[in-house]
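What follows is a single structure, written as structure tokens, with notes after it.
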Amino acid sequence: MTSLTQPTSTARQLTIRHVTVSDPLVEPLLRELGDEYSSRYGNDAHAELARYPAEEFTAAYGGVLLLLLESGEPVAGGAFRRYDADTAELKRIWTHSAHRRRGLACRVVDELERAAGARGYRRIQLTTGPRQPEARGLYLATGYTPLFDTAADPESIGKLPFEKHLTAHPAPKPA
């Protein structure tokens, strides 16, 4: 578990926890993402969240699901799954509706990139929907390359693909 301190006048302890989809702490992430997607795209997006088997977000399958906790409560999270031998695919990037505008999604993306690099991935790819301008902004702000015409109407494109090549991460030293 990694511990991060947010620099504010009342410093709050933020902790990264690697979890499985079945962990009860993941429920707010899945519920809010499903509700958010459904409100933006007009269909029941909860099925989309179940599209990938839970195992794909475990270390045994080359993936990770992590939560950023504050006082033991989930405030942000995200995951990646193995896309191919060199590429991880980011999924489920989320910030709790009561904790937005604090930079938490950037911290989650940074932690996912570290975890992907530590597992030997050299590239990250992802897609986001055309009605998620804050997600598009997050990926642009965190150094992802858009694989689409950013001047085009996002609705005319559909899913918006991004990629990022990771810098080399040294392998952990044996204990």
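For clarity, every value in this text was computed on a predicted model and none was experimentally measured.
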If I compare all heavy atoms of [X] with all of [Y], which pair ends up nearest, and what's the gap?
{"X": "I93", "Y": "G78", "value": "CD1-CA, 4.0 Å"}
{"X": "L166", "Y": "A116", "value": "CD1-CB, 4.1 Å"}
{"X": "L104", "Y": "A76", "value": "CB-CB, 3.9 Å"}
{"X": "Q132", "Y": "R40", "value": "CA-NH1, 3.3 Å"}
{"X": "S156", "Y": "D153", "value": "OG-O, 2.6 Å"}
{"X": "Y61", "Y": "E56", "value": "CB-CA, 4.0 Å"}

Please report the interatomic distance [atom1]([X]) to [atom2]([Y]), rounded to the nearest 0.5 Å.
{"X": "L66", "Y": "F57", "atom1": "CG", "atom2": "CZ", "answer": "12.0 Å"}
{"X": "R102", "Y": "H96", "atom1": "CZ", "atom2": "NE2", "answer": "11.0 Å"}
{"X": "R92", "Y": "L33", "atom1": "CZ", "atom2": "CG", "answer": "7.5 Å"}
{"X": "L68", "Y": "R17", "atom1": "CG", "atom2": "CZ", "answer": "11.5 Å"}
{"X": "R31", "Y": "E36", "atom1": "CZ", "atom2": "CD", "answer": "12.5 Å"}
{"X": "K91", "Y": "R51", "atom1": "NZ", "atom2": "CZ", "answer": "6.0 Å"}

**OP:** If a pair satisfies ring-ring contact (aromatic ring centres under 6.0 Å, His included) and one of its residues is in residues 108-144, list it, with sequence neighbours excluded.
**Re:**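 Non-adjacent pairs meeting ring-ring contact (aromatic ring centres under 6.0 Å, His included): F80-Y121, Y139-Y144, Y139-F162.
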Original post:
Between R107 and E70, is there a side-chain N and carboxylate O pair less than 4.0 Å apart?
Top reply: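 Between E70 and R107 there is no salt bridge, as every charged N stays at least 4.0 Å from the carboxylate O atoms.
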Original post:
Below 4.0 angstrom, N of the basic side chain to O of the carboxylate: do D86 and R123 qualify?
Top reply: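 The answer is no: the pair does not qualify as a salt bridge.
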Original post:
How would you list, by chain and number, every residue that makes a ring-ring contact (aromatic ring centres under 6.0 Å, His included) with H165, sequence neighbours excluded?
Top reply: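 Counting only residues at least two positions away or on another chain, H165 forms no ring-ring contact (aromatic ring centres under 6.0 Å, His included).
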Subject >> same_hphob_cluster(F148, Y83) at 4.5 Å side-chain heavy-atom cutoff >> reply: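 Per the 4.5 Å side-chain linkage, F148 and Y83 are not co-clustered.
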Original post:
Are L67 and L30 co-members of a hydrophobic cluster defined by side-chain heavy atoms under 4.5 Å apart?
Top reply: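 Cluster IDs for L30 and L67 match.
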Subject >> Q125 and E89 side chains, donor-acceptor separation under 3.5 Å >> reply: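 There is such a pair between these side chains.
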Can you find a heavy atom in the side chain of [X] that is under 4.5 Å from one in the side chain of [Y]?
{"X": "L112", "Y": "I124", "result": "no"}
{"X": "W94", "Y": "P28", "result": "yes"}
{"X": "L140", "Y": "P146", "result": "yes"}

**OP:** Flag yes if more than 12 heavy atoms outside R122 fall under 6.0 Å of its CZ atom; otherwise flag no.
**Re:**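 Counting neighbours around CZ of R122, 12 or fewer heavy atoms of other residues, nucleotides or ligands fall under 6.0 Å, so no.
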Original post:
Would a distance-only check, ignoring hydrogens and angles, find a side-chain to backbone donor-acceptor pair under 3.5 Å from R136 to T128?
Top reply: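 Such a contact is absent between R136 side chain and T128 backbone.
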Original post:
Under 3.5 Å, side chain of K164 to main-chain N/O of E113, donor-acceptor pair present?
Top reply: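 The answer is no, because no donor-acceptor pair under 3.5 Å joins these two groups.
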